[in-house]
Every structure is written in structure tokens, then in C-alpha cells.
Amino acid sequence: MKTKIIIGLILALAAAAFVIGSGKAQEIRGTISGGEKPRIAVPDFRGSGSAQRFMDTFNQTLWDELAGSGALTMVAKSVYPLNVPQRPQDFRPPSGNVSNGPWLTDWSNPPARANYLAFGYTGEQDQKLVLFGFLYNVGQPDITSAQVIGKLYYGSLDAEGAKKVAREFAADILQQFGAKSLDGSKIYFVSDRTGNKEIWSMDYDGSNQHAITHYNSVSTMPAVSPDGRMVAFTTYALGNPKIMIYSTETDKRLPFYNPVSSAVETPEFTPDSRHVLFATSLDGWVQICEADVSGADMRRISHVRAIEVSPKVNPKNPTQVVFISGRGGAEQLWSMNIDGGDLQRLTDGEGYVANPAWSPNGQFVAFAWTKGYEPGNYNIFVMDIARRIPVQLTHGAGRNENPWWAPDGVHLVFSSKRGQTTQLYTMLADGTNVQQLTTRGNNIQPVWSKAIN
Amino acid sequence: MRIQFRALGAAAFAILLVTATSCKKKAPVAAPPPPAAAAENTAPPPGPSTLAARINSFTAEPRSIERGQSATLRWSVANATDISIDQNLGEVQANGSRQVFPGNTITYTLTARSAAGSDTRSVTVEVSSGPPPPPPAPPSANLSGVDMLTQQAQDAYFDYDKSDIRGDAQTALQHDAQLLKQIFAADPSFTVVIEGHCDERGSAEYNLGLGDRRAQAAKEYLVSLGVPADRMTTISYGKDRPVCTDATEQCYQRNRRAHLSPGTAH
């Protein structure tokens with residue numbers, strides 16, 4: 001039963017990715033409905049001259065990007081043919097059954113049984129690293145029809161440049177399969193590694209971690225605007241908890257006028273990036289409100305003697321809001337119209353619910369739930385909002401909270417306490433392929449922003 | 001059901017109280033044997049041993065104390081199968097000592113029994129009332145309002161995921177209301193911050209709201225007791241300022257609290 005639900009979820013996610021994907025969709029639909037992901041062989045690339053020094057970095061990055069996408073099956077390197085091509089002209093069609101050199105069937109036949117082959121090489125050109133990257137469909141009869149990608153990529157002649165060209169090449173490959181590249185996307189989160197909770201930023205793969213705030217206070221609960229240009233968060237830097245908004249382009253604070261209240265928290269942007277929903281203490285209870293991004297024109301949405309936090313607007317239906325409400329007892333996941341009407345409880349009343357997050361296609365909500373466990377022992381769940389069937393993705397491995405969707409709609413980032421400290425991890429939306437992103441201090445409350453172009 | 005239990009408990013307590021009172025009244029009435037002679041007699045009498053129980057010694061040191069101090073009872077018994085001291089000290093070993101903290105002059109009786117015969121001996125500890133405790137310091141004399149608040153205010157505790165003021169929290173806040181009125185009277189500019197805190201189990205987001213609610217509930221209760229609302233502000237720290245970090249209910253309870261701290265002007 002559970003397996004069926006998970007498979008259903010994967011198919012739904014894959015189908016969603018496919019709809020917004022590229023023109024090659026026809027071929028991919030066949031693969032997905034067949035129940036198998038395309039098999040890709042990625043032999044190690046070599047570099048000529050000074051470029052060779054950076055090829056370990058390059059090969060590792062390229063492999064991780066493709067493997068981590070969840071869109072492809074990586075053919076193990078141990079079953080590759082010995083004769084690996086580096087350029088299209090290395091291929092030599094066999095004479096009958098007699099091999100004349102590398103050929104497509106070397107890769108499509110057992111034991112490799114690959115559908116695709118990524119190959120190429122790097123070299124130094126004008127003090128730059130240049131990658132000659134190729135993707136071949138090895139099921140084709142000749143190299144002309146086999147070529148899917150043949151392209152040059154340029155980067156600086158160092159490890160960073162090697163990573164850059166590997167990511168760009170991987171992004172082009174993934175695009176062929178309807179998978180969105182996460183290259184350029186950023187994760188904002190909270191870290192206490194300096195001794196105080198501050199808002200931090202990093203690249204989607206955990207690199208380039210740096211602090212955005214330096215208040216030496218408690219700054220938490222970041223939200224990122226859908227256009228990627230603003231980060232809002234809750235901070236004690238001014239005394240009582242208040243909302244601040246920063247520009248991600250300048251790392252400078254933008255004006256936001258907080259209501260007069262003992263607590264203002266859990267900001268979230270609307271899909272048009274022009275308004276903010278948040279929770280604020282009114283008449284003794286924390287309630288859901290909306291204002292524009294400067295804090296003006298504030299409007300109270302909920303009117304109930306209960307604690308209500310974490311409003312999240314459906315990115316594809318800006319009138320639908322999910323939020324956490326304590327009305328009726330233990331806090332649960334609820335849905336309402338942005339005018340406060342059409343209230344519905346989405347979880348069954350068991351346990352405690354926290355941290356709802358919409359998938360980019362507006363079809364799923366990920367959240368943390370203690371259902372089946374003691375209070376405080378959260379696990380990550382994903383719910384198809386139309387069918388209201390929750391699927392559990394983590395199963396008691398530590399305390400798992402703060403799920404957030406990647407812009408590709410296929411990955412989730414979340415926090416988990418699996419030892420003495422809480423760290424950030426990514427996984428596919430079916431709960432597999434868990435990767436740790438952070439190690440220093442405690443790191444919580446990640447939100448994933450698309451790349452700004 | 002719970003009310004019945006409470007009624008039973010109250011009845012049991014009343015019985016205990018009556019028993020305790022009657023014991024106290026009896027003590028001075030019972031005529032103790034001459035204490036000096038009894039207490040000094042420590043040498044075992046010579047002669048052939050007998051199976052009758054015999055108390056070799058039973059002393060109190062010192063014989064007179066001030067209230068709040070302690071005295072030590074010592075005894076040595078031979079041939080006994082059953083040895084006990086009254087005043088709720090119960091059964092004891094043949095040779096031993098016990099520290100006692102009597103509130104009033106009291107006589108302890110040691111009884112040693114065996115099949116062949118028993119022996120008893122008593123010793124009295126004189127308790128003088130001692131000097132009276134010092135009066136509470138006047139508010140303005142030594143203790144500032146900040147000192148009074150930080151030393152004397154009591155935290156109000158809450159149930160998990162709740163902001164209702166429990167019975168024990170009412171008692172704490174009633175104490176705090178008196179304290180605040182005293183402090184405010186002495187210092188017209190004094191303000192107080194009511195902090196709301198939570199244990200670590202709930203989510204950070206909800207706990208910030210819950211801590212706010214707890215602080216508000218405590219404030220509302222203090223206002224109902226006549227504490228001026230405009231001298232009190234609230235702040236929620238959610239689970240960011242725990243007083244302990246153990247994963248035990250005892251620690252969770254200590255963190256689910258409303259706490260009073262001085263306003264920023266002080």
C-alpha cells in the first residue's frame with residue numbers, strides 16, 4: 001500500500017516535471033510510463049595539459065549532479081568498455097562483427113546496457129578551462145543521429161571553473177530529460193555556528209556558506225520571495241520578535257513596518273512577491289495577517305481564540321493558504337481562502353503538525369508531523385492536496401523538520417537531528433537519496449530559492 | 001471522581017493532623033525518668049549474662065539546643081530482639097545514633113525487648129525558642145525593585161501545548177501580584193516584562209506563538225488581581241531560552257513557564 005502511494009507520488013512528480021519540461025518530452029514519457037529511468041554512462045573525462053589537475057573535481061561534480069537529480073539511472077563505472085571515446089571522431093563503426101575501435105553498441109549492449117553516454121574532454125585555452133561536452137543516444141544506428149548535445153563550456157582555470165563547467169553541462173543533460181537543473185539556486189537557512197542564530201545563505205549543494213545577518217541576537221524563520229530578490233525573517237534584534245526584510249542582491253535591509261504587537265513572526269511572500277503573510281499577536285493570540293512588502297495596508301485574516309502561524313500561499317492558486325492552527329486542540333494543518341473563508345482541516349487531528357511548504361506546481365504540501373510518534377519526534381510528510389493522502393518520507397531517523405521544496409519540484413531540503421546537532425539534508429520527494437549539506441553548529445529552517453538571472 | 005479522591009485525601013490529612021497534635025500534647029505530660037542519671041549510665045553491669053533485653057546506654061548530645069539546631073541520640077542495647085525509639089523514629093539497630101531536629105522540648109523513649117524481658121530508658125532534649133527571625137527588609141532600604149523581583153518572583157508553570165493558568169500557577173501569580181504591588185508602590189517608574197517560554201518539543205514557529213499566549217495569560221491573571229496593566233509588557237522566547245536541556249518531563253516542565261523580569265528601563 002505504502003509502496004503504491006510512493007510510486008504514485010514519484011510518477012505524479014515526474015509527470016509534473018515532464019509537463020513543464022523540454023521538447024524532448026515524447027521520448028521521456030515513454031521511459032517513465034515504462035517504469036524505468038533512462039540509463040546513462042558517464043566515464044571519467046580527462047584534461048589535456050594543465051587542465052588535468054582539476055579533473056577529479058570536474059568528474060565528481062558532474063557525477064553528483066546527474067546522480068542527485070533523481071531523473072537518471074547511473075550505470076556503474078565498473079561495467080564500462082575499456083575503450084572510452086573522447087571525441088566524436090574516435091567512434092569507428094565495426095566491419096561486420098569485427099571491432100575497429102569505440103562504437104555505440106559497446107555502451108548499449110550488456111553489460112553496460114546504457115541508453116545514453118556523456119563523454120568529452122577538457123583543455124586549456126587562453127588561460128581558461130574549456131570543456132568539450134557530448135551526450136549521445138547510444139541506441140541510434142550512427143553517430144550523426146546519436147548526438148543529443150555537442151557543446152563548448154568555458155570556466156576559469158581552477159577548481160571553481162571545473163565545477164562551473166560540470167554543472168552547466170549537467171544542467172544541459174538534465175534538461176533533455178525534463179529535469180530542472182538546480183544550478184544557481186540558493187538555500188537560505190538559520191545557523192547558530194557563531195554562537196547566535198543568524199540568517200545564512202549557501203548554494204544548493206552546500207557550498208559557499210555565508211552569514212547574511214550579524215545581529216548577535218536570535219534571527220530565525222527565513223522566507224524567500226518567489227522572484228528570489230528578498231529574504232524576510234523573524235528577529236529579536238529590536239527587542240520583541242519582529243519581521244525584517246533584506247535584499248538578496250545587496251544584502252541590505254529593506255523597510256518593513258511591523259504592526260504594534262508583542263510578537264510578529266513566520267513571514268511568507270505571496271506568489272507575486274508583492275505581499276507578505278505573517279502571524280502576529282492580536283488580542284492575546286497569534287493570528288494570520290497580510291500586508292504589502294513594506295508592511296503597509298495590514299489586514300487581519302483569521303479571527304479565532306487560537307494560535308495560528310506559518311501561512312503559506314499556493315504558488316499556482318494565490319487565493320489558497322495553508323497554515324498551522326491550534327483551533328480545536330493540538331495544532332494541525334489547515335487550509336483557507338486568503339479572505340479567511342472556506343476553512344478546512346487537512347490532517348486527521350492526530351499528533352502535532354508544523355512547517356507546511358508548497359511544491360512549485362501547487363499540487364503537494366510537505367510538512368512535519370509527529371503522527372505515530374511522541375510529541376517532538378517529527379517526521380517529514382508530503383500530501384497531495386486534492387486527494388489529502390499523506391505520505392511519510394522519513395521514519396524516525398532523528399527529529400525531522402522544516403521541509404522545503406527545491407525549484408525543480410523533485411527535491412526537498414529539511415533539517416534533521418541525527419546526532420548531537422541538527423543539520424540540513426536534501427532528499428528526493430520519495431524520501432530516497434538523502435544527502436547532508438551542513439556540518440558546523442546547528443542548522444535549521446531552510447528555504448530554497450530559484451536562481452536569479 | 002477526582003473530587004471524591006480529594007475529599008478522601010483531606011479526611012486522611014485531618015486524621016494525621018489530629019494524631020500529630022495529640023502526640024505533641026502528650027509529650028510534656030509523660031513524666032520522664034531523671035535524665036542525668038539515665039544518660040550517664042554507660043558501663044555495662046557486670047555479672048552473668050541473661051537473655052533479658054538490657055539498655056546499656058541512651059544519651060542525647062547536647063541535652064539542650066536552640067530551635068533549628070540538631071541533637072544526636074546515641075544508644076547501646078544488649079540481648080534485644082526488638083528495639084525502637086518513639087517520636088516516629090521507629091525500629092533501630094542495637095548500637096547506633098540518630099540526628100534529630102525537634103521543634104520543641106521533647107522526650108525520646110528507647111524500648112528494648114526480648115522473650116525474657118524488656119527494658120526502657122528515656123532522654124529529654126530541651127529546646128529553647130532562640131532569637132526570632134529578622135523582619136523582611138523594607139523595600140527601599142536595601143533591596144531594589146530589581147533585586148526583589150529577581151529574588152522573590154515565582155514562575156508560573158504550564159501544561160504541554162497549553163496556556164491555561166493551573167492551580168499552582170495561580171498561587172505563584174498571586175504571590176507575584178503582591179510583590180509587584182509592593183515594588184510598584186516603592187518605585188513609580190518600575191516596569192516588568194512577562195516572558196513566555198516553552199519546552200523543546202513543539203515547532204519553533206508554534207512555540208513562539210504559544211510563549212506569547214502564556215505571557216499574555218499570565219498578564220491577564222495579574223491584571224485580574226489588580227496589578228496595573230500599563231506597568232507590564234510581554235515577550236515570547238518560544239524555546240530559545242531554556243533553563244535546562246534534558247529530554248525529561250521534569251526539565252520540560254521547568255521550561256514551560258511564564259517568568260517575570262525587570263523592564264528595560266532598569
Side-chain angles (χ1 to χ4, degrees), chain A residues 190 192 196-197 217-221 234 236 239-241 261-268 278-288 305-311 323-326 329-332 352-356 367-370 373-378 399 401-402 415 417 444-445, chain B residues 158-165 191-224 229-230 232-242 245-249 251-253 255-256 258 261 263-265:
Chain A
V190 173
D192 69 357
N196 292 104
K197 285 182 177 169
S217 174
V218 176
S219 299
T220 58
M221 305 175 199
T234 307
Y236 286 80
N240 277 55
S261 168
S262 56
V264 190
E265 60 154 328
T266 61
E268 173 67 356
F278 52 93
T280 187
S281 182
L282 297 168
D283 306 331
W285 298 86
V286 168
Q287 298 280 288
I288 308 291
R305 289 174 64 80
I307 297 162
E308 310 211 302
V309 297
S310 302
F323 62 106
I324 300 299
S325 175
E331 57 270 24
Q332 297 286 307
Y352 301 88
V353 185
N355 320 131
F367 55 96
W369 199 2
T370 64
Y373 294 83
E374 290 294 305
N377 290 342
Y378 289 91
R399 174 180 174 141
E401 291 177 279
N402 317 126
S415 69
K417 187 174 185 181
I444 57 171
Q445 297 170 342
Chain B
F158 296 86
D159 285 340
Y160 182 64
D161 203 25
K162 293 279 192 293
S163 58
D164 307 295
I165 305 293
T191 59
V192 67
V193 179
I194 305 171
E195 304 172 358
H197 300 269
C198 305
D199 74 35
E200 66 174 20
R201 290 176 292 175
S203 71
E205 295 80 2
Y206 197 82
N207 273 349
L208 210 162
L210 181 59
D212 183 74
R213 182 63 216 140
R214 285 175 177 163
Q216 301 274 0
K219 180 182 173 184
E220 287 161 14
Y221 189 73
L222 289 169
V223 169
S224 79
D230 60 0
M232 298 183 285
T233 58
T234 60
I235 188 168
S236 171
Y237 287 109
K239 55 177 172 177
D240 270 310
R241 290 196 181 180
T245 55
D246 313 322
T248 62
E249 172 48 33
C251 172
Y252 295 150
Q253 176 61 91
N255 284 327
R256 294 194 302 267
S261 64
T264 45

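Here is the naming used below: chain letters follow the sequence lines, and residue numbers restart at 1 for every chain.
Aromatic ring pairs are classed by plane angle as parallel below 30°, tilted from 30° to 60° and perpendicular above 60°; the pair Tyr160(B) and Tyr352(A) is perpendicular.
There is no contact between Gln287(A) and chain B, counting heavy-atom distances below 4.5 Å. Looking at Asn377(A), there are no atoms closer than 4.5 Å to chain B (heavy atoms on both sides), in backbone or side chain. When heavy atoms are compared at a cutoff of 4.5 Å, Glu401(A) approaches chain B solely by way of its side chain, counted from C-beta outward. Using a 4.5 Å cut-off between heavy atoms, Ala263(A) touches chain B through backbone and side chain atoms alike.
Taken to the nearest 0.5 Å, the CD1 atom of Ile235(B) stands 12.0 Å off from the OG atom of Ser281(A). Atom-to-atom distance recorded for Ser203(B):OG and Trp369(A):CH2 is 15.0 Å, nearest 0.5 angstrom.
Taking 4.5 Å as the limit, every side-chain heavy atom of Arg201(B) sits out of range of all side-chain heavy atoms of Thr370(A). At a threshold of 4.5 Å between non-hydrogen side-chain atoms, the residues Glu205(B) and Asn402(A) count as touching. Side-chain contact between Lys197(A) and Asp240(B) is present, with at least one heavy-atom pair separated by less than 4.5 Å. Between Leu208(B) and Thr234(A) the shortest side-chain heavy-atom distance falls below 4.5 Å.
Of the listed residues Asn240(A), Ile444(A), Thr280(A), Val286(A), the one with more heavy-atom pairs under 4.5 angstrom with chain B than any other is Asn240(A). Chain B forms more heavy-atom pairs under 4.5 Å with one residue of Gly239(A), Ser310(A), Ser262(A) than with any other, namely Ser262(A). Counting heavy-atom pairs closer than 4.5 Å to chain B, the top-ranked of the candidates Ala330(A), Gly326(A), Ala354(A) is Gly326(A).
Within 6.0 Å of CD in Glu374(A) there are 12 or fewer heavy atoms belonging to other residues, nucleotides or ligands.
Heavy atoms only, all atoms of each residue included: Trp285(A) and Ser163(B) are closest at CH2-OG, 4.4 Å. Here the shortest heavy-atom pairing between Gln445(A) and Ala204(B) reads NE2-CB, 3.6 Å.
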- For the pair Val218(A) and Arg241(B), evaluate side chain to side chain contact (heavy atoms under 4.5 Å, CB included) and give the outcome as yes or no after the intermediate values. CA-CA 10 Å; Val218(A) 176; Arg241(B) 290 196 181 180; over 6 Å; no

